[in-house]
Amino acid sequence: MTIDTLIDALIVREGDYVDHPADRGGATRWGITVAVARANGYQGSIRDLPRAAAAAIYRAAYWRAPGFDRIATRAPRLAAELFDTGVNMGTGVAAGFLQRALNALNRGASDYPDLAVDQTIGPRTLAALDAFLARRGAPGEGVLVKAVDALQGERYLALAERRPANEAFVYGWLAERIA
């Protein structure tokens with residue numbers, strides 16, 4: 001699956017203009033908040049954000065900048081999951097989920113050293129991923145996707161427990177964001 005395919009599917013899922021009263025992020029178009037649009041140079045009304053501008057933001061800020069494109073060359077399904085998680089929860093959170101999963105799956109640091117959960121995809125995280133995939137093969141990618149999904153699901157429930165207004169979103173998050 002290419003990043004263009006991932007972005008197109010995401011934009012369809014996120015929808016056009018939305019301004020849900022319980023959403024702390026405020027109004028969005030194509031899933032892009034005003035704050036994210038501004039941070040990426042868009043100055044117009046969020047209602048008028050062109051789809052192409054949203055796609056460019058997703059590609060730059062949620063695919064290349066966090067390094068999910070480098071994950072894709074090794075584990076494309078995992079990269080797709082990290083991209084979607086990053087859009088919904090923040091790219092650092094998604095990267096941290098991967099780091100936590102890799103730490104839990106390294107058999108007591110016998111396969112590769114534990115990672116600092118710094119929420120950054122850098123050389124150590126990529127080396128750990130390479131070592132994990134070399135040891136576990138193709139099925140290992142599926143296990144990592146499940147681990148990221150599990151961490152994501154737990155976070156959704158915790159968000160609703162801490163802020164009951166988030167209950168408006170939990171069903172959709174679980175139905176659409178967890179594989």
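Along the sequence shown, the residues carry numbers beginning at 1.
- Under a 3.5 Å cut-off, the side chain of S110 and the backbone N or O of G108 do not form any donor-acceptor pair.
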Assess whether side chain to side chain contact (heavy atoms under 4.5 Å, CB included) is satisfied between L98 and T125, documenting all intermediate values. CA-CA 9 Å; L98 173 60; T125 300; 4.1 Å; yes
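- Clustering ILVMFWY residues whenever any of their side-chain heavy atoms sit less than 4.5 angstrom apart, transitively, puts L82 in the very cluster that holds L105.
- The side-chain heavy atoms of R74 and L126, taken from C-beta on, include a pair separated by under 4.5 Å.
- I46 approaches A27 most closely through the heavy-atom pair CG2-CB, 4.1 Å.
- Looking at heavy atoms from C-beta onward, R163 lies in side-chain contact with R24 at the 4.5 angstrom threshold.
- Few gaps surround OH on Y17; more than 12 heavy atoms of other groups in view lie less than 6.0 Å from it.
- Atoms CD and CZ, on Q119 and F97 in that order, are 9.0 Å from each other to the nearest 0.5 Å.
- What you find for A168 and H20 is that their closest heavy atoms are CB-CE1, 4.1 Å.
- Within the 4.5 Å cutoff, the side chain of L78 has no heavy atoms near those of the F83 side chain.
- For the pair Q99 (side chain) and D118 (backbone), a donor-acceptor distance under 3.5 Å is present.
- Distance CG/L10 to CZ/R13: 5.0 Å, rounded to 0.5 Å.
- Nearest approach of G153 to L174, heavy atoms of both residues: CA-CD2, 4.1 Å.
- Side-chain contact between I178 and Y156 is present, with at least one heavy-atom pair separated by less than 4.5 Å.
- Between P50 and Y42, some side-chain heavy-atom pair lies under the 4.5 Å cut-off.
- Atom-to-atom distance recorded for E161:CD and E167:CD is 9.0 Å, nearest 0.5 angstrom.
- Residues V143 and V145 share a hydrophobic cluster, clusters being chains of Ile/Leu/Val/Met/Phe/Trp/Tyr side chains in contact below 4.5 Å.
- We find that D111 and R135 are joined by a salt bridge, their nearest charged nitrogen and carboxylate oxygen being less than 4.0 Å apart.
- Following chains of ILVMFWY side-chain contacts shorter than 4.5 Å, one cannot reach I7 starting from V18, and the two form parts of different hydrophobic clusters.
- In terms of modelled atom types and a separation under 3.5 Å, the side chain of Q152 and the main chain of A94 share no donor-acceptor contact.
- In this structure, V34 is a member of the same hydrophobic cluster as I57, with clusters built from ILVMFWY side-chain heavy atoms closer than 4.5 Å.
- Counting all heavy atoms, side chain and backbone alike, L144 lies closest to A101 at CD2-CB, 4.0 Å.
- For D4 and Y58, the side-chain atoms include no donor-acceptor pair closer than 3.5 Å.
- Counting heavy atoms from C-beta on, the side chains of T28 and D19 never come closer than 4.5 Å.
- Contact of the R70 side chain with the I121 side chain is registered, since non-hydrogen atoms from C-beta on lie closer than 4.5 Å.
- In this view, R47 satisfies the side chain to side chain donor-acceptor pair (under 3.5 Å) rule with no residue, not counting sequence neighbours.
- When every heavy atom of A54 is checked against every heavy atom of I32, the shortest pair comes out as CB-CG1, 3.8 Å.
- Contact of the W30 side chain with the V12 side chain is not registered, since no non-hydrogen atoms from C-beta on lie closer than 4.5 Å.
- Taking CG of L129 as the reference point, atom CZ of R124 lies at 16.0 Å (rounded to 0.5 Å).
- Evaluation of the side chain to side chain donor-acceptor pair (under 3.5 Å) rule for T73 yields no partner, not counting sequence neighbours.
- Atom CZ of R100 is surrounded by 12 or fewer heavy atoms from other residues, nucleotides or ligands within 6.0 Å.
- Note on V117 and L115: separate hydrophobic clusters, where clusters join Ile, Leu, Val, Met, Phe, Trp and Tyr whose side-chain heavy atoms are under 4.5 Å apart, directly or indirectly.
- Side-chain N or O atoms of R29 include one that pairs as donor or acceptor with a backbone N or O of L49 at under 3.5 Å.
- When all heavy atoms of A109 and D114 are compared, the pair lying nearest together is CB-N, 4.2 Å.
- The one candidate from L6, D84, T91, I3 that meets the side-chain contact (heavy atoms from CB on, under 4.5 Å) condition with F68 is T91.
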Between N103 and Y112, does the side-chain hydrogen bond (donor to acceptor under 3.5 Å, both in side chains) criterion hold? Intermediate values first, please. CA-CA 9 Å; N103 284 345; Y112 47 86; over 6 Å; no
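- Panel note: side chain T5, backbone M1; no donor-acceptor pair is recorded below 3.5 Å.
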Please lay out, stage by stage, how D16 and R51 fare under the test salt bridge (charged side-chain N to carboxylate O under 4.0 Å, His left out). CA-CA 9 Å; D16 203 321; R51 184 182 170 120; over 6 Å; no
